[in-house]
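Naming convention: chains lettered A, B, ... in sequence-line order (proteins, then strands); numbering from 1 in each chain.
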Amino acid sequence: MIKDYFLNKIEIAVKKAAEAGKLGQLREYGLNTLVVERPKNVEFGDYAVNVSCLAKNAKMAPPLIAQSVLEFVDKEDNEYSAVAGFINFKAGENLLCNLIEEIIKKKSDYGKPENVEKEKIILEYVSANPTGPFHIGHGRWAAMGSVLANLLKFYGHEVYQEFYINDAGSQIQKLGNSLAVRIRQQLGENIDFPADETERKNFYPGDYLIAVAKEYLKTHTGLPEDSEQLCDFAKNYEEKVQKELLEKFRVHFDNFFSELSLHKSGEVEACVNKLKASGKIYEKDGAVWFKSSEYGDDQDRVIKKADGSNTYLTADIAYHIGKLQRGFDRMIDIWGADHHGYVARVKASIEALGFNPDKLEVLLGQLVNLVVNGEEVRMGKRKNMITLEDLINEVGVDATRFWMTMRNIDTTLDFDIDLAKKNSDENPVFYVQYAHARACSIIRNAVNDKTDSLTGKTIPAAVSAGEYSDLINNFDKSLLYGNIADGKKLVLKLEEYKSLIENSAKTRQVYTICRYVQELAGEFHSFYNSVRVINDSKKLTLARLALVYSVKTVLNNALAILSVSAPERM
RNA sequence: GCGUGCGUAGCUCAGUUGGAUAGAGCGUUUGGCUACGAACCAAAAGGUCGGGGGUUCGAAUCCCUCCGCGCGUACCA
């Protein structure tokens with residue numbers, strides 16, 4: 001990376017200057033004390049290093065340090081300057097040309113870091129109850145999770161995506177009971193869910209079960225003897241609906257893991273026994289408690305209720321231990337912020353059972369507010385809530401994915417439906433896609449003959465198909481020299497992609513990719529408006545086409561990570 | 001109450017781990033198409049970084065303390 005190149009040059013210079021006794025009392029330079037930054041004011045340079053942090057040991061004023069260091073820098077064809085306590089750097093042609101060459105040669109692999117410590121990661125997200133359609137919040141986890149998976153894979157990790165189906169427990173009974181009511185309605189009975197608030201909570205009164213009831217009656221004549229049949233039917237139906245929507249939303253899971261299977265296989269019970277054996281268990285009020293407070297949780301937790309059944313936590317412990325036993329180096333879970341209290345207790349259980357709790361990383365996502373006509377619509381309070389499917393149908397997969405991903409996971413997301421629907425400059429998705437389409441269009445125009453609209457004469461293509469193919473397949477960077485100055489800002493933005501991938505993968509922050517793609521599109525539009533790519537000079541045209549092709553490539557790569565389409569025409 | 005997240009331009013948000021004059025997009029105002037897509041670009045206006053203390057050469061960023069908002073605080077899942 002250019003940034004590392006620059007830092008390296010400075011570090012060598014600092015060492016030399018110190019050895020030569022030009023840095024006051026400073027004799028040795030410890031690595032990692034200097035940090036490269038992007039100057040806020042572009043006039044200063046492309047990158048800068050602040051040497052103030054050396055001042056203490058050197059007992060010298062920062063501006064003098066900068067001056068001294070500068071004398072020892074091997075500058076090559078780059079430009080350096082010392083201003084106040086800063087050493088500023090402007091990249092020369094060599095670095096820029098190398099970068100374009102790198103993109104064109106690596107293509108879809110551009111930005112993939114080398115020598116990554118590969119981890120085997122299990123990424124768990126969405127993990128909804130199979131009791132109804134996804135709500136909008138699920139959409140955020142689905143989008144962010146799948147982008148994170150794409151990113152971590154591209155970065156070099158092995159990623160296994162899993163959906164934990166909460167198909168055990170009282171909510172399934174509730175689902176079956178609700179379906180029974182809907183079926184009886186279909187059979188003509190005058191019956192409805194209880195009007196009483198607290199009794200109503202034992203049912204799912206949403207309209208969606210009406211369709212399930214109709215489906216059920218296609219193959220059955222009435223209610224079954226065994227109510228469990230209804231539970232299974234409804235559960236399977238909803239699971240199928242959920243899976244279909246995930247496909248449509250470009251979210252792929254390697255596995256759907258059933259909670260029920262943990263109970264049936266005895267793994268949950270085995271887990272309880274292991275905890276008992278560990279001595280971190282006691283009985284109180286007829287229930288079995290786990291001493292999670294000994295591991296940082298704020299209180300102990302029940303793992304077996306007084307009625308003998310297990311809690312949700314118990315299955316979750318078994319599930320996470322199972323993940324570790326399946327051989328994963330790292331578990332990443334995406335949970336809604338409403339589950340944040342769970343982090344401490346699950347980590348506690350992992351530690352109590354002898355595993356390293358740091359192997360579990362929980363990304364807590366703040367919730368989603370829907371904004372309709374400029375007003376927030378609280379989810380869940382309305383009987384006829386807007387589902388994820390409604391939203392996707394309304395604004396499309398691309399826009400939904402982008403909007404769900406574009407904000408920091410720590411902030412509550414306001415999803416403005418009206419804005420996301422607009423095909424205009426208010427919508428960042430279109431801005432980015434337009435940049436890609438524009439790049440494609442320029443390339444098309446460069447290699448295709450045109451007809452003059454006034455005279456009807458054929459205008460020959462600026463570049464032949466052979467020349468273009470040669471450009472992108474046997475790239476010769478010498479053609480860039482002397483022709484790249486106008487696109488410098490754009491090249492630096494393309495270079496930034498490398499650190500973007502690295503930082504985003506390490507911090508798990510995927511929204512940065514959405515931001516980057518907007519910035520790159522912005523630089524490209526600006527470049528486009530300032531110079532003509534196709535012009536009278538063949539060499540200059542080819543050089544600029546190489547730049548356009550690089551932009552198209554990087555946009556494509558980034559949008560692929562977002563699983564947002566990169567259209568050639570719009 | 002305790003835990004947790006947030007509070008930055010009219011609105012929606014960045015701010016690369018403490019550094020140069022706090023930045024984008026939208027909105028507003030102004031300018032730019034008989035040339036590669038104007039779904040675009042260029043420029044201007046707009047700020048007590050929630051308030052108050054503290055730490056130091058230097059704070060939106062770290063510490064303390066208030067204020068406001070969301071979420072959680074089950075032997076539900």
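One atom, CG of A/Asn369, and another, P of B/C69, lie 15 Å apart when rounded to the nearest Å. Protein atom CZ of A/Arg345 is 12 Å distant from nucleotide atom P of B/A77, rounded to whole Å. Rounded to whole Å, the distance from CG on A/Asn445 to C1' on B/C36 is 5 Å. Rounded to a whole Å, the CG atom of A/Asp300 is 18 Å from the P atom of B/U73. Distance A/Leu547 CG to B/C36 P: 19 Å, rounded to the nearest Å. Regarding A/Ile165, its CD1 atom lies at a distance of 15 Å from the C1' atom of B/A77, rounded to whole Å. One interatomic measurement links the two molecules: CZ of A/Phe527 to P of B/G37, which rounds to 14 Å at whole-angstrom precision. What separates CG of A/Asn50 from C1' of B/G19 is a distance of 6 Å, to the nearest Å.
Sorted by first and then second residue, the side-chain hydrogen bond (donor to acceptor under 3.5 Å, both in side chains) pairs involving residues 339-349 of chain A (not counting sequence neighbours) form an empty list.
Nucleic acid contact for A/Tyr511: sugar-phosphate only, since backbone atoms but no base atoms lie under 4.0 Å from a heavy atom of the residue. No engagement by A/Asn503 is indicated, since no non-hydrogen atom pair under 4.0 Å with the nucleic acid exists. At the heavy-atom level, A/Ala48 lies under 4.0 Å from base atoms of the strands shown. A/Val531 comes within contact range of at least one nucleobase, with a heavy-atom separation under 4.0 Å. Residue contacts for A/Asp167: at a heavy-atom cut-off of 4.0 Å it reaches no nucleic acid atom on any strand shown. Residue contacts shown for A/Arg301 are absent, as no nucleic acid heavy atom lies under 4.0 Å away.
Looking at residues two or more places apart in sequence or on another chain, you find no side-chain hydrogen bond (donor to acceptor under 3.5 Å, both in side chains) involving A/Arg444. For A/Arg515, there are no side-chain hydrogen bond (donor to acceptor under 3.5 Å, both in side chains) partners, not counting sequence neighbours.
Between A/Asn408 and A/Gln509, the closest side-chain pair of non-hydrogen atoms falls below 4.5 Å.
For the pair A/Val49 and A/Ala337, both in contact range of RNA chain B, the more 5′-proximal nearest nucleotide belongs to A/Val49. Residue whose closest nucleotide on RNA chain B sits further toward the 5' end, between A/Met570 and A/Gln509: A/Gln509.
Anti is the conformation of B/U48, whose glycosidic angle sits further than 90° from 0.
Between A/Phe44 and A/Phe86, the ring center distance fails the sub-6.0 Å criterion.
Enclosure of atom CG in A/Asp536 is not indicated, since only 12 or fewer non-hydrogen atoms of other residues, nucleotides or ligands lie within 6.0 angstrom.
A cation-pi geometry, defined here as NZ or CZ lying under 6.0 Å from the six-membered ring centre and within 45° of its normal, does not hold between A/Arg438 and A/Phe524. By the 6.0 Å and 45° rule, A/Lys489 does not stack over the aromatic ring of A/Phe527.
Of the listed nucleotides (B/A77, B/C36, B/G70), B/G70 has the atom at the smallest distance from the side chain of A/Gln366. The nucleotide whose nearest atom lies closest to any side-chain atom of A/Val302 is, among B/A77, B/C75, B/G37, B/C75. Out of B/C36, B/G15, B/C40, the shortest distance to the side chain of A/Tyr434 is found at B/C40. The listed nucleotides are B/A14, B/G37, B/C75; the one nearest the side chain of A/Ser441 is B/G37.
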Enumerate all atom pairs, one protein N or O and one N or O from nucleotides 10-13 of chain B, separated by less than 3.5 Å.
unit_1 : atom_1 : unit_2   : atom_2 : d
B/U12  : O2'    : A/Arg407 : NH2    : 2.9
B/C13  : OP1    : A/Thr412 : O      : 3.4
B/C13  : O2'    : A/Arg407 : NH1    : 3.0

Distances for protein N or O near nucleotides 21-24 of chain B N or O, under 3.5 Å:
unit_1 : atom_1 : unit_2  : atom_2 : d
B/U21  : O4     : A/Asn41 : ND2    : 3.4

Just the atom pairs and distances: protein N or O near nucleotides 41-46 of chain B's N or O, under 3.5 Å.
unit_1 : atom_1 : unit_2   : atom_2 : d
B/C41  : OP1    : A/Tyr431 : OH     : 2.4
B/C41  : O4'    : A/Asn529 : ND2    : 3.0
B/A42  : OP1    : A/Ser526 : OG     : 3.1

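When Watson-Crick and G-U wobble pairs are counted only if both distances are under 3.5 Å, B/G5 pairs with B/C69. B/C13: Watson-Crick or G-U partner is B/G23, with both key distances under 3.5 Å. Here B/A44 sits opposite B/U28 as a Watson-Crick or G-U wobble pair (both hydrogen-bonding atom distances under 3.5 Å). The partner of B/U55 cannot be assigned: no Watson-Crick or G-U wobble pair with both contacts below 3.5 Å exists in any strand.
For A/Leu151 against A/Ile501, the heavy-atom pair with the smallest separation is CD1-CD1, 4.0 Å. In terms of heavy-atom proximity, A/Phe134 sits nearest to A/Ala128 at CE2-CB, 3.7 Å.
For the atom pair NE2 of A/His436 and OH of A/Tyr431, the computed distance is 15.5 Å after rounding to the nearest 0.5 Å.
In this structure, A/Tyr164 and A/Tyr319 have parallel ring planes: the angle between them is below the 30° cut-off, well short of the 60° mark. Between A/Phe163 and A/Phe256, the ring planes lie tilted relative to each other; the angle falls in the 30° to 60° range.
For A/His340 and B/G5, a side-chain-to-base donor-acceptor distance below 3.5 Å is absent, hydrogens and geometry of angles not being considered. Remark: the A/Tyr342 side chain and the B/A77 base include a donor-acceptor N/O pair separated by less than 3.5 Å. Side-chain N/O atoms of A/Asn88 and base N/O atoms of B/A20 include a donor-acceptor pair closer than 3.5 Å.
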### Message
Please evaluate residues A/Gln171 and A/Asn166 with respect to the criterion side chain to side chain donor-acceptor pair (under 3.5 Å), reporting the C-alpha separation (whole Å), side-chain torsions for both, the decisive distance (0.1 Å), and the verdict.
### Response
CA-CA 9 Å; A/Gln171 80 279 9; A/Asn166 294 136; 5.9 Å; no
